[in-house]
Undergrad: 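My structure is below; once you've seen it, I'll send some questions.
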Amino acid sequence: MIKSKLLSTIQLPSNTPKSRLAEQTCLTLLHSSHCNTFTKLTQIQTFILKHGLQNNPLILTKFASTSSNINAIHYASSFLFPFDQTTPTQPPSYDAFLFNTVIRAYAQTHDSKSKALFFYRTMVRYGVSPNKFTFPFVLKACAGVGSLRLGKLVHGCVVKFGFEEDLHVFNTMIHMYCCCCEGEEGVEIAEKVFDESTKLDSVTWSAMIGGYVRLGRSARAIGLFREMQVVGVFPDEITMISVLSACADLGALELGKWVESYIERENIHKSVELCNAMIDMFAKCGNVDKAVKLFRQMDSRTIVSWTSVIAGLAMHGRGLEAVSIFHEMVKNGVTPDDVAFIGVLSACSHSGLVDKGRHYFNSMERNFSIVPKIEHYGCMVDLFCRCGFVKEAFEFVQNMPFEPNQIIWRTLITACHAIGELKLGESISKELIKNEPMHESNYVLLSNIYAKLRRWDKKTKVREVMDMRGMKKVPGSTMIEVNNEMHEFVAGDKSHDQYKEIYEMVDEMGKEIKRVGYVPTTSQVLLDIDEEDKEDALYRHSEKLAIAFALLNTPPGTSIRIVKNLRICEDCHSATKFISKVYNREIVVRDRNRFHHFKNGLCSCRDFW
DNA sequence: ATCCTGGCCA
């Protein structure tokens, strides 16, 4: 209000050159207000036109850079470039700085990154040479768009304008190639560029390490971090965030603890983000108590801190604690966002809190004006299915404002499988395969259903179709960290040095647990073989191999932590309960979905997962 | 004279 008055009543003293004073007044205006509403922008635009400042690059640049939301940016750019944007007429006397500002503004948006590239092209067409500040923005926009073709093109421009030696530009280029991974090509180029360069700083290494983590190649990320230390480049907090993220992904608790002490020892700044990454790491590596402790010790927290600890508790099946922290968060005046709701809803789902889940889902829009996304609907479907309310789940899906995605269909199929609605599961699976013929988990679900129906003929047929289409089932594998080393097992694995002892141990385990009531669940075995062989096949599962390995190589009474890449199978779940009792070990299993804490013959998931 | 790089939660 005050500003609009100021604008309309402003008087310029006559003894000063008008334009200079107008320029200063305009700068003050731009400086003092955040020009993110149409009204303010219109007022300033009027002022600019009135005082003939429309060709003043300084004013125009400021005008563009103070626009802090997407509408303001569109507005500012349409003012700066009022011509038909596809066929620009007369090149105005704009400089690189002005273009950089507009390119930056668009590069930072969520859905208009390609406009950044458009303005880069406009800039070049006008004969304005990009400077060293231009390319980091353009490359960032490319990374956001994710098109390798564009990325390569911009790389060419970087070389053409001679900025490939600039470390900022170079680092952003590594980042861009890591983000534009069509297949593996992008990351391969990033590696090549990375390997060929001689001057790398911690940012370059972090970009590459972070790239591997994003692609799920966490072991490679850790390897690269080790190389970084060998070469003698000192990591900073952002490097450590990526490394922690890799530990979280691998479930490498010992390594994660080492990272924690390394941060302490080297006095690396513990930013909120670093603490968040640490919370996430401890939760995903099985020590959720430590995650909660760290969370409690933080003196300032962001929504990410709260969400990390809530999601951490959720995956350990500690739903009530997660819900209570969510409450505490709201009470502390932190407004939950959509991700926080994913956390609290999945907490309800993993702990069977149906009513609470419904309550939070309904409160999203009512109390927080967050429109539930399909992911939130997915959480609800999962919640209903886990509690056995399959009918309600189907009704819920029918009433939701989205077309169900494959994730939701697969949740429903799994539920059908669990409650024995095999015919329904079969028909949905077939439908899914028709729509998404190259997704292997659709075939796996169908083949599981045929196994339960004992229709080996149809099961074999599914297998054949998969082979014909050149697809492979992701092999189940289990990782375990012993003495700071990761060991990975796949079913029937004989590559391990200790494999003979391990198989003997597995046999012994089988005998011991059968004595206290374990019955092998042979219907889980997805092969058409006779019962005795099936039992044998069950004993070769990667989970059991890893547990046997742990029993052989860790002191009695210590807890065992393993990480499985897929969901733990029903038989291994049952067997592990008995093993925890017979061998008096706490066994913590992280599977694709959540954690299972086995202790004294029971599991924290209450056999519901 | 003012504009630059990598990172955390589903």
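Below, chains carry the letters A, B, ... as their sequence lines are ordered, and counting in each starts from 1. Basis for what follows: all heavy atoms, side chains included, without hydrogens, waters or symmetry-related copies.
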Undergrad: What is the nucleic acid contact for A/Thr239, judged by heavy atoms within less than 4.0 Å: base, sugar-phosphate only, or nothing?
TA: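 Base: the residue A/Thr239, judged by heavy atoms under 4.0 Å, touches a nucleobase.
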Undergrad: Remember a base hit wins even if backbone is also touched, and classify A/Ser346 as base, sugar-phosphate or nothing at under 4.0 Å, heavy atoms.
TA: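 If one applies the 4.0 Å heavy-atom cut-off, A/Ser346 turns out to touch nothing in the nucleic acid.
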Undergrad: Among B/dT5, B/dG7, B/dC9, find the nucleotide with the atom closest to the side chain of A/Lys284.
TA: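 The nucleotide sitting nearest to the side chain is B/dC9.
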Undergrad: Can you check whether A/His175 has a side-chain N or O nearer than 4.0 Å to OP1 or OP2 of B/dG7?
TA: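 Yes, within the criterion.
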Undergrad: Between the base of B/dG6 and the side chain of A/Asp201, is there a donor and acceptor pair under 3.5 angstrom?
TA: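 No, the side chain and the base share no sub-3.5 Å donor-acceptor pair.
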Undergrad: Heavy atoms under 4.0 Å, any strand shown: does A/Thr307 hit a base, just sugar-phosphate, or nothing?
TA: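 Base contact.
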Undergrad: Mind checking whether A/Ser197 and A/Thr204 have side chains closer than 4.5 Å, heavy atoms only?
TA: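 The answer is no, as the side chains (C-beta and beyond) never meet within the 4.5 Å cut-off.
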Undergrad: Between the side chains of A/Asp591 and A/His596, is a donor N or O closer than 3.5 angstrom to an acceptor N or O?
TA: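 A/Asp591 vs A/His596: donor-acceptor pair found between side chains.
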Undergrad: Side chain of A/Asn131, heavy atoms from C-beta onward: which of B/dG6, B/dA10, B/dC3 has the nearest atom to it?
TA: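 For A/Asn131, the side-chain atoms sit closest to B/dC3.
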Undergrad: Name the nucleic acid region contacted by A/Ser305, choosing base, sugar-phosphate or nothing; use a 4.0 angstrom heavy-atom cut-off, strictly under.
TA: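 A/Ser305: no heavy atom of the nucleic acid under 4.0 Å.
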Undergrad: B/dG6 phosphate, OP1 or OP2: any side-chain N/O from A/Arg214 under 4.0 angstrom?
TA: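 Result: no.
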Undergrad: Indicate, with a heavy-atom threshold strictly under 4.0 Å, whether A/Asp337 touches base, sugar-phosphate, or nothing.
TA: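 Nothing, no heavy atom under 4.0 Å.
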Undergrad: Would you indicate what A/Asn100 reaches in the nucleic acid, counting non-hydrogen atoms under 4.0 angstrom: base, sugar-phosphate, or nothing?
TA: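 Answer is base: heavy atoms of A/Asn100 come under 4.0 Å of a base.
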Undergrad: I want to check one thing: is the phosphate of B/dC4, taken as OP1 and OP2, less than 4.0 Å away from some side-chain N or O of A/Lys140?
TA: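 Checking B/dC4 against A/Lys140, no side-chain N or O comes under 4.0 Å of OP1 or OP2.
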Undergrad: Report the distance from atom CG of A/Asp249 to atom P of B/dC9, rounded to the nearest whole Å.
TA: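 That distance rounds to 10 Å.
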Undergrad: Give one of base, sugar-phosphate or nothing for A/Phe137, where a contact means two heavy atoms less than 4.0 Å apart.
TA: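 Sugar-phosphate, backbone atoms only, no base.
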Undergrad: Within the supplied structure, the quantity of interest is the number of heavy atoms (other residues, nucleotides, ligands) at a distance under 6.0 Å from A/Lys199 NZ; does it exceed 12?
TA: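 Yes, the 6.0 Å shell around NZ holds more than 12 heavy atoms from other groups.
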